[in-house]
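Presented below is the structure to which this report refers.
One-based numbering along the sequence shown. What you see is a predicted model, and the numbers here were worked out from it, not measured in a lab. The figures here come from the full heavy-atom set of this structure, side chains too, leaving out hydrogens, waters and symmetry mates.
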Amino acid sequence: MPRWAVLILDMLLCLCAFFVAYAVSKDVYYGHEVEINKTVDLVILLSMQFVWFWLFHTYSGILRYSTFVDVVRIIVAVMANMVSLYAVHIIARSADMLVFLPVGILFYGVFAFVFLFVVRLFIKTFYDAFVISSGKKVPVVVYGTKSAGVSIAKMLKSNSDSRFQLVGFVDDEQKHYDKRIFGRQIFSLQDMDGAIMSLKRKRVKAVVLSPFKMKHLDASVLTMLIDNGIKVLIVPAMEQWKEGDAIDDIDIERNMRNIQIEDLLNRKPIEIEKEHLRQQLSGEVVMVTGAAGSIGSEISRQVASYAPKLLVLVDNAETPMHNLRLELTEKFPALQFACYIADVRSQERMDFVFRNTRPAYVYHAAAYKHVPMMEEFPSECIKDNVMGTKNVADCAVRYGVRSFVMVSTDKAVNPTNVMGASKRVCEIYVQSLSKKLSASGDAAATKFITTRFGNVLGSNGSVIPLFKKQIENGGPVTVTHPDIIRYFMTIPEACQLVLEAGTMGKGGEIFIFDMGQPVRIADLAEKMIRLAGLHPGRDIEVRYTGLRPGEKLYEELLNVKETTKPTYHEKIMIANVREYVYDDVKEKIDSLISEAMANEDYNVVRIMKEIVPEYVSQNSKYEALDAEVKR
């Protein structure tokens with residue numbers, strides 16, 4: 001209703017209140033005719049009430065969203081009019097005129113408020129009961145009974161365009177059991193089985209919760225809900241809603257997101273102290289190689305937030321680099337950054353980039369990473385991973401880089417494939433180079449730091465996007481082995497720890513990250529199928545395809561002969577690893593690169609096995625070389 005219509009309605013209600021009050025006050029308290037001019041009283045009352053309604057804007061609220069604030073405005077406007085009317089009565093009486101009966105003014109105030117309040121309550125109740133609840137709606141409950149949960153419930157109740165119908169609340173606390181909010185029951189999750197049964201009786205299809213609640217929710221609760229066919233929907237943070245959206249205009253379904261597989265991995269959020277990172281990176285030239293990749297792009301985003309003097313982005317992938325440039329331009333308009341289409345395998349090109357930018361800090365994330373693919377092309381793997389790392393590391397020394405942080409992998413521990421072995425060779429090279437520089441006594445020498453972690457969720461080519469695509473296509477979801485397990489970490493978490501390790505490194509360390517508990521890939525596949533609202537085995541088949549070349553059932557973050565020592569961050573440890581002499585390593589690595597340039601794959605793998613004695617091929621055509629190297 002437009003505001004003028006609400007104002008007219010309110011004035012009509014006040015007119016009714018006047019006649020009722022007039023009749024009651026005469027019959028109850030006087031019992032005889034009182035000589036007053038009813039017409040004059042009515043004109044004065046309505047005129048003054050109109051003024052007070054206008055002053056307090058009682059007509060500006062949307063009736064179906066009437067709140068306590070609207071009720072208070074009505075009370076104040078009516079009481080102000082009562083005081084005004086009594087003042088008129090006193091003035092008129094001093095002139096021997098009878099205008100208004102005091103008891104009539106009192107009755108008018110009571111009836112006016114009751115009529116105004118009841119009409120609003122009726123409209124609000126009618127709208128909630130018939131308009132919002134009409135049609136087919138999905139029964140949902142809200143998780144949480146505090147301010148955030150109540151706010152979400154209000155939106156669900158008031159949005160006529162939503163396909164959701166609020167049927168209740170769920171909460172962790174037993175004290176709320178069987179209480180009600182907005183007339184809807186609260187179910188306590190202290191008795192999880194009982195709560196699930198109650199939700200099923202109510203035919204609840206989804207649980208809606210806030211991002212804050214999501215952060216502090218036990219993943220086992222989420223898993224229980226998902227396993228029982230109840231979806232979990234997360235409302236975005238308020239700052240993500242478009243500025244100016246009114247509550248009744250918010251498209252609830254558009255703003256909600258389904259729970260992600262990352263939320264079900266029982267991982268506590270990793271927190272780092274950002275101030276010392278800001279002190280290190282602010283106002284400095286920072287380079288990221290492989291900047292357009294999954295890890296490199298996230299490192300770039302996080303570095304950008306610390307206001308470097310210049311952010312140098314290096315990658316040979318044109319389209320992803322273009323997309324990253326557009327993103328950074330939009331998100332960080334004040335950021336100074338330079339993009340270089342460059343291949344780390346080109347010594348000349350890397351020298352050109354370093355010479356023109358003179359970085360103080362380098363994060364080296366450029367690498368080939370897919371195990372089966374690199375098992376087919378060992379020479380290309382060495383060219384990119386080993387020769388590329390050597391080129392960037394040598395340039396870092398040549399141009400006085402303060403700190404060089406290399407991103408490695410858990411597959412470098414006891415490697416069973418070409419990719420893992422190549423990354424271990426990279427670790428050996430930068431660590432031995434760091435040792436040589438340290439022995440030279442040059443305090444300004446580049447510090448070389450290695451970070452080693454497992455799989456990252458959602459990275460390019462990882463199982464998460466693959467499973468999503470397979471589920472969208474109706475299956476089957478392919479898993480190599482029913483017992484295969486992997487460590488997982490989110491991309492932002494991994495990159496936070498890479499930056500953190502870069503600040504604590506003194507040179508030569510290999511930092512490993514606490515990856516939490518390993519996850520069975522088969523369990524991961526089944527959870528993702530359930531997240532899609534489907535049933536594993538019935539709607540989507542899980543098919544086992546056998547281990548791929550070079551793949552092993554589990555990954556390790558440390559060699560069995562290695563030990564660790566803690567750092568000030570509980571999630572980061574330092575590995576005590578075997579040390580190598582740079583001159584010996586360089587000679588063998590040069591030979592390795594030479595064979596790779598000649599595309600001699602078998603010779604490449606043979607030399608890698610000599611450099612990395614623990615490298616034993618598995619499910620690979622290169623297994624025959626293991627016995628040969630031992631001889």
Side-chain angles (χ1 to χ4, degrees), residues 281 284-297 299-300 303 308 310-317 320-321 324 337-369 380-409 412 419 422-437 444-452 495 498-499 501-502 505 507-511 582 585-586 589-590 592-593 596-597:
L281 301 177
E284 300 288 353
V285 179
V286 183
M287 176 185 289
V288 181
T289 69
S294 304
I295 298 296
S297 61
I299 291 177
S300 300
V303 169
L310 176 67
L311 177 58
V312 182
L313 308 174
V314 179
D315 206 298
N316 66 348
M321 179 71 94
L324 178 62
F337 67 94
C339 295
Y340 285 86
I341 298 297
D343 194 330
V344 294
R345 295 178 293 184
S346 170
Q347 184 178 2
E348 293 78 11
R349 182 62 173 162
M350 293 312 302
D351 188 88
F352 172 83
V353 175
F354 271 82
R355 187 170 65 250
N356 281 273
T357 59
R358 304 283 175 158
Y361 299 94
V362 173
Y363 295 93
H364 179 52
Y368 284 150
K369 64 178 184 178
E380 295 306 308
C381 183
I382 295 304
K383 292 174 190 176
D384 197 81
N385 291 5
V386 178
M387 185 170 71
T389 297
K390 183 177 183 298
N391 288 340
V392 179
D394 291 346
C395 285
V397 175
R398 188 178 308 123
Y399 290 98
V401 170
R402 292 182 212 163
S403 178
F404 176 102
V405 181
M406 187 188 80
V407 175
S408 188
T409 170
M419 195 284 288
S422 73
K423 294 299 285 185
R424 179 61 186 135
V425 173
C426 295
E427 292 181 356
I428 291 171
Y429 182 78
V430 299
Q431 191 178 33
S432 62
L433 178 57
S434 181
K435 181 182 177 183
K436 178 182 179 180
L437 294 173
T446 305
K447 296 186 296 184
F448 285 91
I449 299 155
T450 298
T451 58
R452 186 192 284 175
C495 294
V498 168
L499 296 181
E509 302 97 336
I510 294 180
F511 289 98
Y582 174 77
V585 168
K586 182 179 181 302
I589 289 179
D590 287 341
L592 176 66
I593 293 173
M597 296 301 291

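Listed by chain and number, the residues in a side-chain hydrogen bond (donor to acceptor under 3.5 Å, both in side chains) with Arg398 are Asp351 (sequence neighbours excluded). Residues satisfying the ring-ring contact (aromatic ring centres under 6.0 Å, His included) test with Phe448, not counting sequence neighbours, are Phe404. Evaluation of the salt bridge (Lys or Arg N to Asp or Glu O under 4.0 Å) rule for Glu427 yields Arg424, Arg452 as partners, not counting sequence neighbours. Residues meeting the side-chain hydrogen bond (donor to acceptor under 3.5 Å, both in side chains) test with Glu380, sequence neighbours left out: Arg345, Lys383. With sequence neighbours left out, Ser432 forms a side chain to side chain contact (heavy atoms under 4.5 Å, CB included) with Tyr580, Tyr582, Val585. With sequence neighbours left out, Ala366 forms a side chain to side chain contact (heavy atoms under 4.5 Å, CB included) with Thr289, Val344, His364. In this structure, Tyr368 has no side-chain hydrogen bond (donor to acceptor under 3.5 Å, both in side chains) partners at least two apart in sequence or on a different chain. Asp394 meets the side-chain hydrogen bond (donor to acceptor under 3.5 Å, both in side chains) test with Lys390, Tyr429; sequence neighbours excluded. Considering only residues two or more places apart in sequence or on other chains, Arg402 meets the salt bridge (Lys or Arg N to Asp or Glu O under 4.0 Å) condition with Glu284.
Atom CG of Asp384 sits about 7.5 Å away from atom CG of Asn316, to the nearest 0.5 Å. For the atom pair Arg355 CZ and Cys395 SG, the distance stands at 9.5 Å (nearest 0.5 Å). Once rounded to the nearest 0.5 Å, the distance linking OG1 of Thr389 with CD1 of Ile428 reads 12.5 Å. Taken from CD1 in Ile589 to NZ in Lys586, the straight-line distance is 9.5 Å, to the nearest 0.5 Å. Taking OH of Tyr340 as the start and CG of Asn356 as the end, the distance is 5.0 Å to the nearest 0.5 Å. The CD1 atom of Ile295 sits 7.0 Å away from atom NZ of Lys369, with the distance rounded to the nearest 0.5 Å.
In this structure the side chain of Thr450 never reaches within 4.5 angstrom of the side chain of Gln431, judged on heavy atoms. A heavy-atom distance below 4.5 Å is not found between the side chains of Tyr363 and Val407. The closest side-chain heavy-atom distance from Ser300 to Leu313 is below 4.5 Å. Residues Asp343 and Arg349 are not in side-chain contact: their nearest non-hydrogen atoms beyond the backbone lie 4.5 Å or more apart. In this structure the side chain of Phe511 never reaches within 4.5 angstrom of the side chain of Val498, judged on heavy atoms. Contact of the Tyr361 side chain with the Val303 side chain is not registered, since no non-hydrogen atoms from C-beta on lie closer than 4.5 Å.
Val405 approaches Gly502 most closely through the heavy-atom pair CG2-CA, 3.8 Å. Here the shortest heavy-atom pairing between Gly507 and Lys447 reads CA-CB, 4.1 Å. Closest of all the heavy-atom pairs between Ala292 and Asp315 is N-OD2, 3.0 Å. Scanning both residues, Met350 and Ala342, for their nearest heavy atoms gives SD-CB, 4.4 Å. Of all non-hydrogen atoms in Ala367 and Asn385, the two that sit nearest each other are CA-OD1, 3.4 Å. Closest approach of Ile449 to Ser403, counting heavy atoms only: CD1-OG, 3.6 Å.
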| Would Met287 and Val314 count as a side chain to side chain contact (heavy atoms under 4.5 Å, CB included) if you check the C-alpha gap in whole Å, the side-chain angles of each, and the deciding distance to 0.1 Å? | CA-CA 7 Å; Met287 176 185 289; Val314 179; 4.1 Å; yes
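In terms of modelled atom types and a separation under 3.5 Å, the side chain of Thr446 and the main chain of Val401 share a donor-acceptor contact. The backbone N or O of Met406 lies less than 3.5 Å from a partner atom in the side chain of Thr451, making a donor-acceptor pair.
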